[in-house]
Trainee: 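Following this message is one structure expressed as C-alpha cells.
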Amino acid sequence: MASARGEFSSRFGFVMAAAGSAVGLGNIWGFPTQAASNGGAAFLLIYLVLAFTLAYPALMAELIIGRHAHANAVNALRLISPNSQLRNIGAATGIIGFIVASLILSFYAIVAGWMIAFCLSSLANLLGLSDLAAWLTTFGLPRNVLFMGIFIVFTIGIISAGVREGIERWSARLMPALLATLFLLVAYVLTLDGAMEGLRVYLLPDFERALSPTLIIAALGAAFFSLSLGVGTMLIYGSYINDDENLPVVGGLVTLVDILIAVMAGFLVIPAMYVALHNGVDIFTATGELISEDTLIFTVLPELFTTMGFAGIIVSFTFFFLMSIAALTSSISMLEVPVAYVIEEHGLKRKTAVFSIGGAIALASGVILLNFESLFGLVIAFTTRYSQPLLGFMFCIYAGWVWHRDQLLQELRKGSPEVEHTLFWKIWPWYVKLVCPVIILGIFMHSLWG
Ligand code: PHE
C-alpha cells in the first residue's frame with residue numbers, strides 16, 4: 001500500500017525533504033531577527049532548549065502517526081481513534097490542518113515572490129538594467145502578483161511530479177546547495193568591519209532576559225513554525241517513510257538540520273546587521289528597538305549589499321537565491337498536505353489535484369494582495385499564531401491520549417526493535433501526553449490574551 005502511494009527511496013531523501021520543509025523563511029530570516037530583537041544569545045539559548053525538548057517530541061507525534069497510517073492527516077487521525085466521536089474530531093482536525101496549510105502557502109508565496117524579485121534584481125543590476133532592477137525591488141501590485149504567480153508555478157511543477165521524482169529529488173539537490181551557500185556567506189560576512197559586534201550580541205547571553213516570559217513564548221512559537229508542526233505537513237511526510245526506518249533517529253536528524261540552519265542563519269544575519277550599522281544604515285528605531293522584520297530584510301540587507309560594491313551584487317544574488325530555495329522546499333510541503341488529502345479521499349489524479357488546489361491558492365494570494373493592508377497580517381496571525389499551536393496540541397492529544405499505547409509501541413518497534421529500552425521510550429510518551437499539550441495551550445492562550 002505504501003509504495004503504491006509514493007514513498008521516499010532513502011533515509012537521506014527523507015531527511016532532506018523533511019528538513020527542506022522545516023527550513024524556510026522562518027529559519028533564515030524569522031529566527032535571526034527574532035533573536036536580534038529578543039536579546040540575541042538569550043533567545044538562541046532558549047530556542048535550542050525548546051526545540052529539543054518540546055518541538056522534537058511534537059514532531060515525533062506527527063511522524064509516528066503518519067508512518068503508522070500511511071495516509072493523510074484526516075484518515076490517519078480517524079484510523080487511530082477508538083470511537084466515532086474521536087474519529088470525527090480527528091477528521092475535523094485534519095481538514096482544518098489542510099485549510100491552514102493552504103492559507104500559510106497563500107501568504108508564503110507572496111513573500112517568496114519578493115525573494116525571487118530581489119534575486120532577479122541583482123541580475124538586472126549586473127546587466128546594467130537599473131530601471132528594471134528598481135522596478136523589481138519596488139512594492140507594487142503588478143510585481144507582487146507576477147512573482148507570487150511564478151513561485152506558485154514552481155511549487156506546482158515540483159509537486160505534480162510526485163514524492164520520489166518531485167519532493168525527494170528536488171529537496172536532495174537544493175538542501176545541500178543551501179547549506180553550502182550559507183556557510184560561504186557567513187565566512188564572507190564575518191570578515192567585514194562591524195561583524196564582531198554582531199557576533200558578541202549573538203553569542204553572549206543576558207541570562208536575565210532568557211527567563212522573560214515574552215522571550216520564551218516567542219522562542220516556542222519560532223520553534224513550532226520552524227519545524228512545520230501542526231498542519232499535517234510532517235504527518236504526511238512521515239506517511240511516506242518506509243517501515244524499516246528508525247523514526248526517533250530520523251526525526252532527530254531533521255530537528256538537528258533545522259536547528260543548524262537557523263543557528264547558521266543567525267551567524268549570517270546578526271553580524272550583517274551590525275556591518276550595516278557600521279556603514280551608517282539605520283537598524284534600530286530611536287527607542288532602541290529593531291526596525292520591523294519586513295523593513296529589515298528588504299531595506300537593510302540590500303543597502304548592506306550596495307556598500308560592498310561589485311561583490312555586493314553577487315552576495316545579494318546568492319542571498320536571495322538562497323531564500324527562494326528555502327521557501328520552495330517549504331512550500332512544496334505545504335501544497336502536498338491538501339493534495340494528498342484529495343488524492344486519497346476523493347480519488348483525484350495527482351496532476352488534477354495539484355493544478356486545481358495550486359490555482360485556488362494562487363487566487364487566495366491574489367485576494368490578499370488586492371487587500372494587502374487588511375489581509376496580509378491577519379492571515380499570518382490567524383495561521384501561525386493561533387491555528388498552528390492549537391492544531392499541534394490536537395496532534396499531541398491524539399498521540400498521547402487517544403491512540404492505544406501498545407499500537408504506538410508496535411509502530412516504533414518496526415524500525416527499531418529495541419526501542420522499549422531506549423531513553424526515547426522512557427521519556428517521550430509522557431512528554432507528548434502531558435508536557436507538550438500544557439505548554440502548547442500556554443502559547444495559544446498567551447497569543448489570544450497576551
Ligand atoms: N517551517 C517553514 C519555515 O520555517 C514554514 C512551514 C510551516 C512549512 C508549516 C510547512 C508547514 O519557513
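As the structure lists them, so they are numbered: ligands from 1, and atoms in each ligand from 1.
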Trainee: In terms of atom number and element, which parts of ligand 1 are under 4.0 angstrom from non-hydrogen atoms of Asn27?
Mentor: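 In order of number, 4 (O).
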
Trainee: Please verify the inter-ring angle class for Phe267 with Tyr202; under 30° counts as parallel, over 60° as perpendicular, anything in between as tilted.
Mentor: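 It falls in the perpendicular class, over 60°.
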
Trainee: Starting from atom 12 (O) of ligand 1, what is the nearest protein heavy atom, named by residue and atom, and what distance separates them?
Mentor: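 The closest one turns out to be Tyr108 OH, 2.5 Å.
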
Trainee: Which one of Val111, Val100, Thr233, Leu229 has a non-hydrogen atom at the shortest distance from atom 11 (C) of ligand 1?
Mentor: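 Considering heavy atoms of Val111, Val100, Thr233, Leu229, the nearest to atom 11 (C) of ligand 1 sits in Thr233.
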
Trainee: Judging by distance only, is a nitrogen or oxygen of Ile104 under 3.5 angstrom from one on ligand 1?
Mentor: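 Checking ligand 1 against Ile104, no N or O pair falls under 3.5 Å apart.
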
Trainee: Counting non-hydrogen protein atoms only, what is the nearest one to atom 8 (C) of ligand 1? Give residue, atom name and distance.
Mentor: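 Of the protein heavy atoms, Ser228 OG, 3.3 Å lies nearest.
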
Trainee: So if I count the atoms of ligand 1 from 1 in the order they appear, which ones are less than 4.0 Å from some heavy atom of Ser333?
Mentor: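 Those atoms are 10 (C).
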
Trainee: Please identify which atoms of ligand 1 are closer than 4.0 Å to at least one heavy atom of Ser226.
Mentor: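 Counting from 1, the qualifying ligand atoms are 1 (N), 4 (O).
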
Trainee: Does the plane of the ring in Phe320 sit parallel, tilted or perpendicular to the ring in Phe118? Use 30° and 60° as the thresholds.
Mentor: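 Taking Phe118 first and then Phe320, their aromatic rings sit tilted (interplane angle of 30° to 60°).
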
Trainee: Does Ala101 reach ligand 1, in the sense of a heavy atom lying below 4.0 Å from it?
Mentor: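 Per 4.0 Å heavy-atom rule, Ala101 does not contact ligand 1.
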
Trainee: Using the benzene-type ring in the case of Trp, are the ring centres of Phe376 and Phe372 under 6.0 Å apart?
Mentor: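 Ring-ring flag for Phe376/Phe372: true, centres closer than 6.0 Å.
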
Trainee: Between Val231 and ligand 1, does any nitrogen or oxygen pair lie at a separation below 3.5 Å?
Mentor: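 N/O-N/O distance under 3.5 Å: no.
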
Trainee: How about Tyr240 and Phe14: are their ring centres within less than 6.0 Å of each other?
Mentor: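 Not close enough - the centres of the two rings lie 6.0 Å or further apart.
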
Trainee: Would you check if Glu62 and Leu229 make a side-chain contact, meaning some heavy-atom pair closer than 4.5 Å?
Mentor: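 Yes. Closest side-chain heavy atoms under 4.5 Å.
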
Trainee: Quick one: does Leu63's side chain get under 4.5 Å of Arg67's, heavy atoms only?
Mentor: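 Result no, sub-4.5 Å side-chain heavy-atom pair not found.
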
Trainee: Within ligand 1, which atoms have a heavy atom of Ala22 less than 4.0 Å away?
Mentor: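 That gives atoms 1 (N), 2 (C), 3 (C), 4 (O) of ligand 1.
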
Trainee: About how many Å separate CD1 of Ile104 and OG1 of Thr383, when rounded to the nearest 0.5 Å?
Mentor: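 Thr383 atom OG1 to Ile104 atom CD1 measures 4.5 Å (nearest 0.5 Å).
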
Trainee: Look only at interatomic distance and state if Gly26 has a nitrogen or oxygen under 3.5 Å from any nitrogen or oxygen of ligand 1.
Mentor: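 Among all N and O atoms of Gly26, at least one is under 3.5 Å from an N or O of ligand 1.
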
Trainee: May I ask you to check whether Val23 has an N/O atom sitting below 3.5 Å from an N/O atom of ligand 1?
Mentor: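 No - when backbone and side-chain N and O of Val23 are compared with those of ligand 1, no distance drops under 3.5 Å.
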
Trainee: Hey, what's the ring geometry for Phe424 with Tyr56, parallel, tilted or perpendicular (30° and 60° as the breaks)?
Mentor: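 If you compare the ring of Phe424 with that of Tyr56, the planes turn out perpendicular.
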
